[in-house]
Asker: 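Take this structure first; my questions come after.
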2 protein chains.
Amino acid sequence: MNSTIQLFKALSEEVRLRIIGLLAGGELCVCDLMAVLDLPQSTISRHLSYLRNAGWLAGERRGVWMYYRLAEDDNPLRAELLPVLQKQLATLAECTRDRTRLAEYTQTKQEAACG
Amino acid sequence: MNSTIQLFKALSEEVRLRIIGLLAGGELCVCDLMAVLDLPQSTISRHLSYLRNAGWLAGERRGVWMYYRLAEDDNPLRAELLPVLQKQLATLAECTRDRTRLAEYTQTKQEAACG
DNA sequence: TGCCTATATCCGCATATGCGGATATAAGAT
DNA sequence: ATCTTATATCCGCATATGCGGATATAGGCA
């Protein structure tokens, strides 16, 4: 019961939904998320930690850079929720805006950033 | 965005999940829920109110009795979430126990109660 | 109208959760 | 070892959320 609650609780917050919406397009680095979401590093990290602990994300360190992606389908509930969720997020204005910003950011990304 | 959050937030609590699990089997009265869940009336009513406001339930008064059922499929996200949710709730021990209790309660229901 | 029953809502309390700046930790270079 | 950069975690604060008893509201009957 509790893991079910945690899965839904993770989805009960705007920043976390926007993070999932962005990662639905593929793996990203914390610095990417910071730039696109325009939020402080600590806020981003807190939410990433929450999503990872709830089972939604997997993280991987490459040097000083930390990448996150949607977790593998090892949880039946999450596997079924994800397509439903992605479909919904695709309709939300905030997520649409985020994707546009990500595309722009990727084009103009500074040499100093990851990648 | 906010209605999406509210839909998920409604599912982020045990009593509310258990209520949905019970109502998945068909309409019930508040007194039924009180008996099966073994919780005070105010607790039940609070959660029913929350679920109704989030769009999950519809209520109907018949005399002094208040019946609740799962809301009609007028929300695309909820319509897609519901089968996923029901499938998951069917696997949870707490919900299985609730259904057994409901069956027993229905058999032994007092004349004084609704119905 | 008064009384009774069912139930929604209020209220005080305790705990949970979100924020962001500060700091700890990890990685890499010199 | 020291310094720099990236990021996880801590911490104090403000707000949200859950609890259940008390009370307000709704419905029915005499």
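Reminder, nothing fancy here: chain letters follow the sequence lines and each chain counts from 1.
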Asker: Hey, could you give me each pair passing salt bridge (Lys or Arg N to Asp or Glu O under 4.0 Å) that has a residue in residues 82-96 of chain A? Not counting sequence neighbours.
Answerer: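 Those involving residues 82-96 of chain A are A:K87-B:E80.
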
Asker: Near DNA chain C, counting only heavy atoms under 4.0 Å, which residues of residues 34-47 of chain A show up?
Answerer: A:P40, A:S42, A:T43, A:R46, A:H47

Asker: Please tabulate, for side-chain N and O atoms in residues 1-10 of chain A, each donor-acceptor pair with protein atoms closer than 3.5 Å (sequence neighbours left out).
Answerer:
unit_1 : atom_1 : unit_2 : atom_2 : d
A:T4   : OG1    : B:Q88  : NE2    : 2.8

Asker: Which parts of residues 18-33 of chain A get close to DNA chain C, meaning a heavy atom less than 4.0 angstrom away?
Answerer: none

Asker: Run the side chain to side chain donor-acceptor pair (under 3.5 Å) test against B:R52 and tell me which residues pass, sequence neighbours left out.
Answerer: B:Y68

Asker: Quick one: side chains of residues 24-41 of chain A, donor-acceptor pairs under 3.5 Å with protein atoms, not counting sequence neighbours, listed by atom name and distance.
Answerer:
unit_1 : atom_1 : unit_2 : atom_2 : d
A:E27  : OE1    : A:R62  : NH1    : 3.2
A:E27  : OE1    : A:R62  : NH2    : 2.9
A:E27  : OE2    : A:R62  : NH2    : 2.8
A:D32  : OD1    : A:K109 : NZ     : 3.0
A:D32  : OD2    : A:C29  : N      : 2.9
A:Q41  : NE2    : A:S45  : OG     : 3.0

Asker: For nucleotides 25-29 of chain C, tabulate all protein N/O to nucleotide N/O atom pairs closer than 3.5 Å, reporting atom names and distance.
Answerer:
unit_1 : atom_1 : unit_2 : atom_2 : d
C:dA27 : O3'    : A:G63  : O      : 3.4

Asker: Under 4.0 Å between a side-chain N/O of A:Y50 and OP1 or OP2 of D:dT9, yes or no?
Answerer: no

Asker: Residues two or more places apart in sequence or in another chain: which of them pass side chain to side chain donor-acceptor pair (under 3.5 Å) with A:R46?
Answerer: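 Residues passing side chain to side chain donor-acceptor pair (under 3.5 Å) with A:R46: none at all.
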
Asker: Output all residues satisfying salt bridge (charged side-chain N to carboxylate O under 4.0 Å, His left out) with B:D74, sequence neighbours left out; order by chain, then residue number.
Answerer: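 Here the qualifying residues are B:R78.
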
Asker: Taking only residues two or more places apart in sequence, or in another chain, which ones meet B:E13 in a salt bridge (charged side-chain N to carboxylate O under 4.0 Å, His left out)?
Answerer: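 Residues passing salt bridge (charged side-chain N to carboxylate O under 4.0 Å, His left out) with B:E13: none at all.
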
Asker: Is B:L11 linked to A:Y50 within one hydrophobic cluster, defined over Ile, Leu, Val, Met, Phe, Trp and Tyr using a side-chain heavy-atom separation of less than 4.5 Å?
Answerer: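 No, B:L11 does not connect to A:Y50 through the hydrophobic network.
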
